[in-house]
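First up is the structure itself, then whatever we jot down about it.
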Amino acid sequence: MKHFTRIADLGPEGVQRILATAAAWKQNPPGALFANRILGMVFFNPSLRTRASFEAAMLRHGGHAIVLEVGAGTWKLEDRDGAVMDGDRAEHVREGVPVLGRYADALAVRTFSHGDGDDVDELDPVIHAFRRFSTVPVLSMESAREHPHQGLADLLTIQETHGTTKVPVTLTWAPHMKPLPKAVPNSFLLTAAACGAEIRVAAPKGYELAPEVRAEAEAYAAATGGKIVYTDDQAAALEGSAAVYAKAWGPSTTSGLPAAPMKELGAWMPTAAHMAKAATEAVFLHCLPVRRNLEVHDSVLDGPWSRVVDEAENRFHVQRATIHSLLNG
Ligand code: CP
């Protein structure tokens, strides 16, 4: 059974194949790719882009999507082996997931990190339970460790802007009032490395990405001719970058962003002055949603660099390529 819940399921060659298909279909849209096919979409967490873009991909190509919000009109799902189910989780994934496979041709799942630490996120328990018990292909709509469709959309946006993904890109930490999961920065790093980019990761001390993710990215970079540097010098990382990707994420290993450093770290919020350090043709990317003037300044989001809406559109383009790939073996 083929699944796509992490960049490792594709590897660098698979990433190139999906980006090429997505770019070609963006120019020449295909017909009824998904006629009579059903995608079951299971949301443990909210969404705007992911839900709309997956549903649009199915509906525009002759298919259908069943959208389930766990605990809101469906039973809450238990994923722990051996759990005594005396709480509010009335259904176990051991039954619920294969049952959905009797109705749908593929399942897509969104399940965020619970902030239990990088070690738990690395295990990605809910998405692994779906992979384990599903009888049909599983796609990630973001999990604790990765948001792989976001990474693909990010790199498609860079490729169509610069004609190549082998350019200097900066992934910079940005401030927020709470510790957010690392799935988005992880996926940008992994996908950019799989595409041979020169990646500068800028984050304050204590906000490093998990060692397992970094090791995986290093392996991709070694295979693709990419390069990765890590620094807490944001200005140096921005110098001459062709793409600036900003994202808030929580501190390493433990949950709970300390209140005091937020004030000191406010200078990490990208502004027009930050973008002036990047290359003249630089683009600004963010997965959205974004908290204006906390995470990213208006001058960037409303400035000439911003490609955040194009980037969101590209979710649709990469997703119809991955769904088609999985449904066709
Ligand atoms: N970027 C992204 O996944 O957006 P949503 O959370 O709105 O789906």
Does N36, at its CG atom, have more than 12 non-hydrogen atoms belonging to other residues, nucleotides or ligands within less than 6.0 Å?
no

For the atom pair CD1 (I18) and OG1 (T191), what is the distance rounded to the nearest 0.5 Å?
12.0 Å

Are the side chains of R60 and R320 in contact, using a 4.5 Å heavy-atom criterion?
no

Closest contact, heavy atoms only, W249 versus W173:
O-NE1, 2.8 Å

Provide the closest heavy-atom pair for V300 versus P270 in the form atom of the first, atom of the second, distance.
CG2-O, 3.5 Å

How long is the straight-line distance from CG of L285 back to CD1 of I158, given to the nearest 0.5 Å?
5.5 Å

Measure across V136 and D105 and return the closest heavy-atom pair with its distance rounded to 0.1 Å.
CB-O, 3.4 Å

Can you confirm whether R214 is buried at CZ, in the sense that more than 12 heavy atoms of other residues, nucleotides or ligands lie under 6.0 Å from that atom?
yes

Spatial distance of atom CG (N328) from atom NE2 (H324) [nearest 0.5 Å]:
4.0 Å

Smallest heavy-atom separation, M41 atom then M141 atom, equals CE-SD, 3.7 Å

Pair T157, E311: side-chain N/O donor-acceptor within cut-off below 3.5 Å:
no

Any side-chain heavy-atom pair from D118 and S252 closer than 4.5 angstrom?
yes

Below 4.0 angstrom, N of the basic side chain to O of the carboxylate: do R49 and E142 qualify?
no

Check K277 with E239, please: is the shortest side-chain N to carboxylate O separation under 4.0 Å?
no

Heavy-atom closest pair (A104 atom, L107 atom, distance to 0.1 Å) is CB-CD2, 4.1 Å

K2/D9 salt bridge by N-O under 4.0 Å criterion
no

Is any NZ, NE, NH1 or NH2 atom of the basic residue among R307 and E160 found under 4.0 Å from an Asp or Glu carboxylate oxygen of the other?
no

Distance col, row T111:OG1 vs H128:NE2, nearest 0.5 angstrom, shows 11.5 Å

When rounded to the nearest 0.5 Å, the distance separating CG of L152 from CG of L156 is 8.5 Å

Between the side chains of T50 and R315, does any donor sit under 3.5 Å from an acceptor?
yes

Would you check if the distance from the ring center of F4 to the ring center of H149 is below 6.0 Å?
yes

Is R132 salt-bridged to D79, cutoff N-O under 4.0 Å?
no

ring-ring contact (aromatic ring centres under 6.0 Å, His included): which pairs involve residues 72-113, sequence neighbours left out?
none

Salt bridge K76-E78, side-chain N to carboxylate O under 4.0 Å
no

Are S187 and Q150 close enough that a side-chain donor and a side-chain acceptor fall under 3.5 Å?
no

Please find the pair of heavy atoms, one from P179 and one from P251, that lie closest to each other, and give the distance.
CB-CD, 4.0 Å

Residue set satisfying side chain to side chain donor-acceptor pair (under 3.5 Å) with Q159, at least two apart, ordered chain then number -> none

Non-hydrogen side-chain atoms of D232 and P204 separated by less than 4.5 Å
no

I'd like to know whether NZ of K26 has more than 12 heavy-atom contacts from other residues, nucleotides or ligands below 6.0 angstrom.
yes

Within the supplied structure, the quantity of interest is the number of heavy atoms (other residues, nucleotides, ligands) at a distance under 6.0 Å from E122 CD; does it exceed 12?
yes

Ring pair (Phe, Tyr, Trp, His ring centres under 6.0 Å) test vs Y245 passes for just one of F188, F284, W305, namely F188

When rounded to the nearest 0.5 angstrom, what distance separates CG in D121 from CG in N186?
8.5 Å

Student check: side-chain heavy atoms of L100 and L68 closer than 4.5 Å:
yes

Is the closest side-chain heavy-atom distance between K182 and S113 below 4.5 Å?
no

